[in-house]
Colleague: 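Pasting a structure below so you can have a look.
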2 protein chains.
Amino acid sequence: MAIPVGATGAAGTQAVDRAAALLVSILESGQPPTFGDLQSSSGLAKSTLSRLLSSLERHGLVHRSDEGAVRPGPVITRFAHSDRSHDSLIELSRPHLQRLSDATGETINLAILVGDEVEQIAQVDCRFLIGNVNWVGQRLPTHCTALGKVFLAGGAPMPHGPLDRRTARTLTTVSRLADDIKVTARRGWALADSELEPGLVAIAAPVRASSGSVIAALSITGPSSRLTPARIREFARLLVAAAHEISTAMGYLPKNGKAGAA
Amino acid sequence: MAIPVGATGAAGTQAVDRAAALLVSILESGQPPTFGDLQSSSGLAKSTLSRLLSSLERHGLVHRSDEGAVRPGPVITRFAHSDRSHDSLIELSRPHLQRLSDATGETINLAILVGDEVEQIAQVDCRFLIGNVNWVGQRLPTHCTALGKVFLAGGAPMPHGPLDRRTARTLTTVSRLADDIKVTARRGWALADSELEPGLVAIAAPVRASSGSVIAALSITGPSSRLTPARIREFARLLVAAAHEISTAMGYLPKNGKAGAA
DNA sequence: ACTTGTGTTCCATATCGTGGAACATTTTCG
DNA sequence: CGAAAATGTTCCACGATATGGAACACAAGT
């Protein structure tokens, strides 16, 4: 009685599996599929498909517009626009942060852009005694942090007016900052060496959504005594790779366009 | 034999209904529920719950962290951070836009903030001959549009440098703009009268996520010949009400905190 | 080491989901 | 305008599939 194709140890869930697969294909398809699209892509009987969709719709997980397009429903929409959507980004990223921490021993941070500031949303602490305390929840300016520069390089509006001078090395003119951002964009990662606090070095790289826009930034932070130029170069490779892995998990496709659909 | 509680004409979908309800409660609960939480809130047998969760997890719709917390899965996370999440916001808003259009006869727009500009993402055209063409996709500055002012009043970073003078009535100094924003914030809606284009009047109101942050702005636009002071006052009431309804649909709770959970 | 708590696997049972066909609606085309 | 095609929903008898209790595996607390 040969188990069907690739039945990975799952049984007793036919209906739910089908409904789940349906929902996934609706969430991942670029264009909202129609009933017909789903019918042919899933291979389900009309009646079955109709029943499953009705159930999903009844629970607000999908919505059928007048023209017959099947879209993510209000429950999904609400979640997508709520703060909680960041939690799941963190959850999805955590293993990568951890791996990066294991590889470098330094403090790893994940941050998002809030208004014109950078807010840390996750952190894995360094394993040295000399390290930073918990930065989660803290907001910092964009012009003097590696995390901030990543967002600026990703298209966030440049800061205005006189740039706050945090240290002697802070970039305090828009033109010098713009130059740095150009370098950052080309290089693929940002550097802030004693620009926020003397002796504090950070590098950061972008995490991208499937559309390519920068949705978060990943950073490695440590004292300049440990983050020497040679180390920085080495860590930057790891950092960019990790950020890239998260981006991929988010549906970003490295070279060409388009995200995976069903 | 007596249909169970509130069985709204649905049958033949027990398993899917249960799984869907499960997913909804995971998406809507403030704190990620544990297996136990779900067990008691759903009343399902352990074995059933385990099977359903496994199925959802297998499809990437939920994710179980090490500590046993059940969270939205990668598929949901990807969607939440993709551009497509705006589509479903539009879909959810469209009936409200339409109703507003029917009531006022003027052009209705929905916009989001992209960087430091406002991008229109949905529109319902006015029923007069004199009206604006399709603005969807167009980006405009924040300082001279009602839509933009809504975001500024909602906490978006103020624009910098010299403000582009679009008309004689454009607010071109940051301080005058700041005053206007204060009024906007207090009043609950924004007004831009001939500030973008002579004779073009627009009012706008905020759409809020469950967290209270402004995620979109809703506007009514028309020529000053039709949008007289009296009409503006009348329309503003309708506008604010409509924006509020969308906010509510997004999980925003008017007075106190907290969004609905299961 | 024993107990308690949590989650997964197993299995016989009958409940629940299935798909074909009939039906309802809307769209297309002659 | 009416016939035909396309699209989606409801119905129903059948049996495949989900169910929940119990046994099991594992971890945490005492």
Side-chain angles (χ1 to χ4, degrees), chain A residues 1-26 29 31-71 73 91, chain B residues 1-26 29 31-71 73 91:
Chain A
M1 40 176 60
I3 298 162
V5 284
T8 336
T13 328
Q14 193 194 58
V16 175
D17 280 335
R18 287 172 165 183
L22 222 45
L23 183 53
V24 170
S25 78
I26 292 165
S29 78
Q31 302 298 331
T34 65
F35 188 99
D37 295 338
L38 291 171
Q39 197 180 346
S40 56
S41 76
S42 69
L44 296 174
K46 276 196 304 182
S47 49
T48 302
L49 181 56
S50 177
R51 244 178 303 117
L52 296 181
L53 280 182
S54 298
S55 177
L56 292 176
E57 185 167 33
R58 196 175 327 125
H59 291 272
L61 290 170
V62 309
H63 172 73
R64 300 210 244 175
S65 58
D66 307 331
E67 312 84 40
V70 181
R71 295 194 147 85
E91 200 58 24
Chain B
M1 52 156 52
I3 298 161
V5 284
T8 337
T13 328
Q14 194 194 54
V16 175
D17 279 335
R18 287 171 165 185
L22 222 44
L23 183 54
V24 170
S25 79
I26 292 166
S29 78
Q31 302 299 332
T34 65
F35 188 99
D37 294 337
L38 292 172
Q39 198 180 344
S40 56
S41 76
S42 69
L44 295 175
K46 277 196 304 182
S47 50
T48 302
L49 181 56
S50 177
R51 244 178 304 115
L52 295 181
L53 280 181
S54 298
S55 177
L56 292 177
E57 185 168 34
R58 197 175 327 125
H59 291 272
L61 290 170
V62 308
H63 172 74
R64 300 209 242 176
S65 59
D66 307 331
E67 312 84 39
V70 182
R71 296 193 147 85
E91 200 58 24

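Only a predicted model underlies this, so the values are computations on that prediction, with no experimental measurement involved. Note: hydrogens, waters and symmetry copies are ignored here, and every other heavy atom, side chains too, is used. Chain A is the first sequence line, chain B the second, and so forth, proteins listed ahead of strands; every chain is numbered from 1.
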Colleague: Please check if the side chain of B:Ser54 supplies one atom and the backbone of B:Ser50 the other of a donor-acceptor pair under 3.5 Å.
Modeller: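 Yes, the answer is positive, given that a donor and an acceptor are paired below the 3.5 Å cut-off.
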
Colleague: Would A:Arg18 and A:Leu52 satisfy side-chain contact (heavy atoms from CB on, under 4.5 Å), going step by step from the backbone distance to the final call?
Modeller: CA-CA 8 Å; A:Arg18 287 172 165 183; A:Leu52 296 181; 3.8 Å; yes

Colleague: Could you check how far CG of A:Asp66 sits from C1' of C:dT27, rounded to whole Å?
Modeller: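 Distance, rounded to whole Å: 16 Å.
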
Colleague: Where the side chain of B:Thr48 meets the backbone of B:Leu44, is there a donor-acceptor pair that is under 3.5 Å apart?
Modeller: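 Side chain of B:Thr48 to backbone of B:Leu44, a donor-acceptor pair under 3.5 Å: no, none is there.
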
Colleague: In whole Å, what is the span from the CZ atom of A:Arg58 to the C1' atom of D:dT9?
Modeller: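 Rounded to the whole Å, the gap is 13 Å.
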
Colleague: Grab the CG-P distance between A:Leu22 and C:dT18 for me, whole Å please.
Modeller: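 For the pair A:Leu22 CG and C:dT18 P, the rounded distance is 11 Å.
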
Colleague: Distance-only, no hydrogens or angles: does the B:Thr34 side chain make a donor-acceptor pair with backbone N or O of B:Asp37 under 3.5 Å?
Modeller: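 Side chain of B:Thr34 to backbone of B:Asp37: a pair is present.
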
Colleague: Using a cut-off of under 3.5 Å, enumerate the N/O to N/O pairs linking the protein to nucleotides 6-11 of chain C.
Modeller:
{"from": "C:dG7", "atom 1": "N7", "to": "B:Lys46", "atom 2": "NZ", "distance (Å)": "3.1"}
{"from": "C:dG7", "atom 1": "O6", "to": "B:Lys46", "atom 2": "NZ", "distance (Å)": "2.8"}
{"from": "C:dT8", "atom 1": "OP1", "to": "B:Arg64", "atom 2": "NH1", "distance (Å)": "3.2"}
{"from": "C:dT8", "atom 1": "OP1", "to": "B:Arg64", "atom 2": "NH2", "distance (Å)": "3.1"}
{"from": "C:dT8", "atom 1": "OP2", "to": "B:Ser50", "atom 2": "OG", "distance (Å)": "2.7"}

Colleague: Please give, in whole Å, the distance from C:dG20 P to A:Leu44 CG?
Modeller: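 After rounding, the gap between these two atoms is 12 Å.
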
Colleague: Test your reading of the model: is there a side-chain donor-acceptor pair from B:Ser65 to the backbone of B:Ala69, 3.5 Å cut-off?
Modeller: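 Looks like yes, one N/O pair under 3.5 Å.
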
Colleague: Can you check whether B:Arg51's main-chain N or O pairs, donor with acceptor, with B:Ser55's side chain at less than 3.5 Å?
Modeller: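 Checking the backbone N and O of B:Arg51 against the side chain of B:Ser55, no donor-acceptor pair under 3.5 Å is found.
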
Colleague: Could you check how far CG of A:Asp37 sits from C1' of D:dT7, rounded to whole Å?
Modeller: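 About 13 Å, once rounded to whole Å.
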
Colleague: With a 3.5 Å distance limit and no angle check, can you tell me whether A:Gln39 reaches the backbone of A:Leu49 through a side-chain donor-acceptor pair?
Modeller: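 Flag not set: sc A:Gln39 to bb A:Leu49 has no pair under 3.5 Å.
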
Colleague: Please write out the pairs of protein N or O atoms and N or O atoms of nucleotides 15-17 of chain D separated by less than 3.5 Å, giving the distance to one decimal.
Modeller:
{"from": "D:dT17", "atom 1": "OP1", "to": "A:Gln14", "atom 2": "NE2", "distance (Å)": "2.7"}

Colleague: Taking B:His63's backbone N and O only, do any of them form a donor-acceptor pair with A:Glu91's side chain (distance below 3.5 Å, no angle check)?
Modeller: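 Such a contact is absent between A:Glu91 side chain and B:His63 backbone.
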
